[in-house]
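So the structure is just underneath, and the comments pick up after that.
Just so it is clear: chains get the letters A, B, ... in the order the sequence lines come, proteins before strands, and each one is counted from 1.
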Protein chains: 2
Amino acid sequence: MPELAQQIKTKKQVVSEFRQSEIISAARKVFAEKGYMAATVDEIAAEAALAKGTIYVYFESKEQIYNAVLENDLDALRARTLEQIAAAGTAREKISAYVNARFKYCEERRDFFRIMYIEPSSSPVLSKAKAREWLREPVHQLAVAIESAIAKKLISPWPPELLAWTVADLTTGALQRRLAGTPTTTAREDADFLIEFINAALRPAQVEN
Amino acid sequence: MPELAQQIKTKKQVVSEFRQSEIISAARKVFAEKGYMAATVDEIAAEAALAKGTIYVYFESKEQIYNAVLENDLDALRARTLEQIAAAGTAREKISAYVNARFKYCEERRDFFRIMYIEPSSSPVLSKAKAREWLREPVHQLAVAIESAIAKKLISPWPPELLAWTVADLTTGALQRRLAGTPTTTAREDADFLIEFINAALRPAQVEN
DNA sequence: TAGACTGTTGACTGCTCAGTCATTTTTTTA
DNA sequence: TAAAAAAATGACTGAGCAGTCAACAGTCTA
């Protein structure tokens, strides 16, 4: 009965994945609150309403849980950002799309962003270098679009990669500030300001006649 | 013999301060490498070539050592940035001064910046909120200068505080990127690009005739 | 329903590390 | 140079926590 075996195995996997995602959700919350080092596996277990032993059935270590949380969310963020960028037409629109995608995702997944922005890179975990790797592709897409816009003289001739990273920095900075305090402005206002600011900088210098 | 007592006490204080600053230096290095949580007092002691017990003669706790490191360096950074801003004339020059002061200090005090940019805020330590407090004043000075430049129509009419924080974000972002990887550009190039970029954005929109 | 099997549990173990303090070393005083 | 004072030391203690595992609970099979 190979089909049945197949069936059983699949069911098992489904349950296992469900448990894993439950644990990841609990861990995300705890890590966002305490940071990697200060968070305990007991807390994650309590948050997930499971015993510690059960956690270790589905994950090998605290570190692996942490990596699972980050990989999961970084992957989704990357996919979404790339999607939005691809859907946009001009370089300026792609930049808007980038900024907006980040702001939106940050609102939706506050805990993930807290981990991203607040976590030390020096833990024995997925380093910020690895995380940066994940963020690289969207930024690179921006750079490509910027490059061709520069060729068409639509925007000032600056190094495209540098410009793209600058857009990323502005977005990160604004989001970090929002996460750090109680923001006095709405996310929309902040995002719009950023986009306006970037567009102003990109405006090619007026040609002297 | 009050003078002698005075003398003795002063000498004691001098020695004590010397020891403290030795410990702070060692701690800065270790914290920069490992982060607050992962760093151990034993490592700091080894780095300072002292026994752990001696550390506890001059500081009450690991947390206090950490705070001493940050307060010390944040204070110097703030003072220097304010100085440079004050010395500059126009708003644009003040912005340059801000960016340059940060870049310079970052080169000089790599370890401090590593702690600043890489440390979790969630440790039971001087929070990023407190650190932000320290960074607030220079940014505010920038905002003041920007405000009056806007009044003179020298730069685009955007919210001054927001603009000032944007300058800070750009600087922080660029420095973080430099610290994260092996930079392919010089600090000068990065700083100059930033300043150019900001100036381009600040350029008032050309008036249509 | 007995027995086998799968998933869950939380008390327990071993290790790390912040902080202590009785002892030793160095410096000062007389 | 001997006694007293100050500074430095590092072995030790207790707390906290990652990871384990023998026992238990729930589910399926014959």
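Atom pair B/Ile65:CD1 and C/dA18:C1' shows a separation of 10 Å (rounding to whole Å applied). Across the protein-nucleic acid pair, A/Gln20 atom CD and C/dT8 atom P stand 12 Å apart, rounded to whole Å. C/dT6 atom P lies 21 Å from atom CZ of A/Phe18, rounded to whole Å. Rounded to whole Å, atom P of C/dT16 lies 15 Å from atom NZ of A/Lys62. Atom CD in B/Gln64 sits about 13 Å away from atom C1' in C/dG19, given to the nearest Å. Atom CD in B/Glu22 sits roughly 15 Å away from atom P in D/dA7 (whole-Å rounding). When rounded to the nearest whole Å, the span between CE of B/Met37 and C1' of D/dG16 equals 12 Å.
A 4.5 Å side-chain heavy-atom check between B/Leu194 and B/Phe103 finds at least one atom pair inside the cut-off. Counting heavy atoms from C-beta outward, A/Ile150 and A/Ser156 have side chains that stay 4.5 Å or more apart.
Checking the phosphate oxygens (OP1, OP2) of C/dG19, a side-chain nitrogen or oxygen of B/Tyr56 falls inside 4.0 Å. For C/dT8, one of the phosphate oxygens OP1 or OP2 lies less than 4.0 angstrom from a side-chain nitrogen or oxygen of A/Arg19.
Residues A/Glu93 and A/Ser96 bring no donor and acceptor atom of their side chains to less than 3.5 Å of each other.
The residue A/Phe59 sits apart from the nucleic acid: no heavy atom pair falls under 4.0 Å.
Classification of A/Arg136 and A/Glu133 as a salt-bridged pair holds, one side-chain N sitting under 4.0 Å from a carboxylate O.
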Kindly give the atom pairs (protein nitrogen or oxygen, nucleotide nitrogen or oxygen) under 3.5 Å for nucleotides 9-15 of chain D.
from: D/dT9; atom 1: OP2; to: B/Ala51; atom 2: N; distance (Å): 3.0
from: D/dT9; atom 1: OP2; to: B/Thr54; atom 2: OG1; distance (Å): 2.7
from: D/dG10; atom 1: N7; to: B/Gly53; atom 2: N; distance (Å): 3.4

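Each of A/Arg110, A/Arg109, A/Arg114 was compared with A/Asp73 under the salt bridge (charged side-chain N to carboxylate O under 4.0 Å, His left out) criterion, and only A/Arg109 meets it.
The two residues B/Ala91 and B/Ala145 make their nearest non-hydrogen contact at CB-O, 3.6 Å.
Near DNA chain C, meaning a heavy atom under 4.0 Å from it, residues 39-48 of chain B has B/Ala39, B/Thr40, B/Val41 in order of number.
Annotation for A/Lys62: atom NZ counts as buried by contact number, over 12 foreign heavy atoms lying within 6.0 Å. For B/Arg78, the CZ atom is densely surrounded, since the number of other residues' heavy atoms within 6.0 Å is greater than 12.
Taking the six-membered ring where the residue is Trp, A/Phe197 and B/Trp158 present tilted rings, their angle falling between 30° and 60°.
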